[in-house]
Amino acid sequence: MRRAIIGFEKDEEGHWVARLECGHGQHVRHDPPWMVREWVTTVEGRTAWMGRELECSKCDESDGG
Ligand SMILES: [Zn+2]
C-alpha cells in the first residue's frame, strides 16, 4: 500500500526512518555502495521527499479489508 511521507526521524542506530501518514515507519538507509540515498542525509533532500509515497509493507500485512 502506498503511503505519503509526513516526516523523518532517526532510529537508535542513527539510521533514517521515514514516518508515513499511516503511522508506520520505514527505513531509508544511506549505506553506500549498497543503499545510496544521499538525499536523506541533508535537510534539503528530506524536505524534497516530504509528501512522496513509499510502499508500506506493514499496511499490506495488516490490511484485512
Ligand atoms: Zn503503514
Side-chain angles (χ1 to χ4, degrees):
M1 189 164 302
R2 295 182 70 81
R3 299 296 198 186
I5 297 172
I6 59 169
F8 291 91
E9 57 203 57
K10 276 185 170 176
D11 70 7
E12 60 275 6
E13 295 177 353
H15 295 297
W16 282 102
V17 177
R19 181 60 54 190
L20 305 178
E21 59 183 337
C22 55
H24 293 134
Q26 185 163 129
H27 275 101
V28 282
R29 289 186 182 85
H30 177 56
D31 188 16
W34 301 278
M35 303 280 256
V36 180
R37 291 195 182 95
E38 203 157 12
W39 58 267
V40 84
T41 64
T42 66
V43 66
E44 291 86 359
R46 292 193 299 277
T47 300
W49 272 71
M50 293 284 285
R52 295 201 196 183
E53 293 180 334
L54 294 177
E55 280 292 332
C56 185
S57 57
K58 291 175 185 165
C59 275
D60 287 338
E61 288 170 9
S62 63
D63 183 13

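Order of listing sets the numbers, starting from 1, for every ligand and every atom in it. The shown structure was predicted, so the numbers you read here are calculated from the model rather than taken from an experiment.
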Report all side-chain donor-acceptor pairs from residues 28-38 shorter than 3.5 Å, counting only partners two or more places apart or in another chain.
residue: His30; atom: ND1; partner: Arg37; partner atom: N; Å: 3.0
residue: His30; atom: ND1; partner: Glu38; partner atom: N; Å: 3.3
residue: Arg37; atom: NH1; partner: Arg29; partner atom: O; Å: 3.1

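- Partners of His27 under the side-chain hydrogen bond (donor to acceptor under 3.5 Å, both in side chains) rule, at least two apart in sequence or in another chain, are Asp11.
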Verdict with reasoning, Arg46 to Val40, per side chain to side chain contact (heavy atoms under 4.5 Å, CB included): CA-CA 5 Å; Arg46 292 193 299 277; Val40 84; 4.2 Å; yes
For residues 1-9, please give each side-chain donor-acceptor pair under 3.5 Å, one per line with the distance, not counting sequence neighbours.
residue: Arg2; atom: NE; partner: Glu53; partner atom: OE1; Å: 3.2
residue: Arg2; atom: NH2; partner: Glu53; partner atom: O; Å: 3.4
residue: Glu9; atom: OE1; partner: Arg19; partner atom: NE; Å: 3.3
residue: Glu9; atom: OE2; partner: Arg19; partner atom: NH2; Å: 2.5

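- A donor-acceptor distance shorter than 3.5 angstrom exists from the side chain of Gln26 to the backbone of Glu55, with no hydrogens or angles considered.
- Around the Zn ion (ligand 1), protein N, O or S atoms at less than 2.8 Å comprise Cys22 SG, His24 ND1, Cys56 SG, Cys59 SG.
- In this structure, the side chain of Lys58 engages the main chain of Gly25 through a donor-acceptor pair within 3.5 Å.
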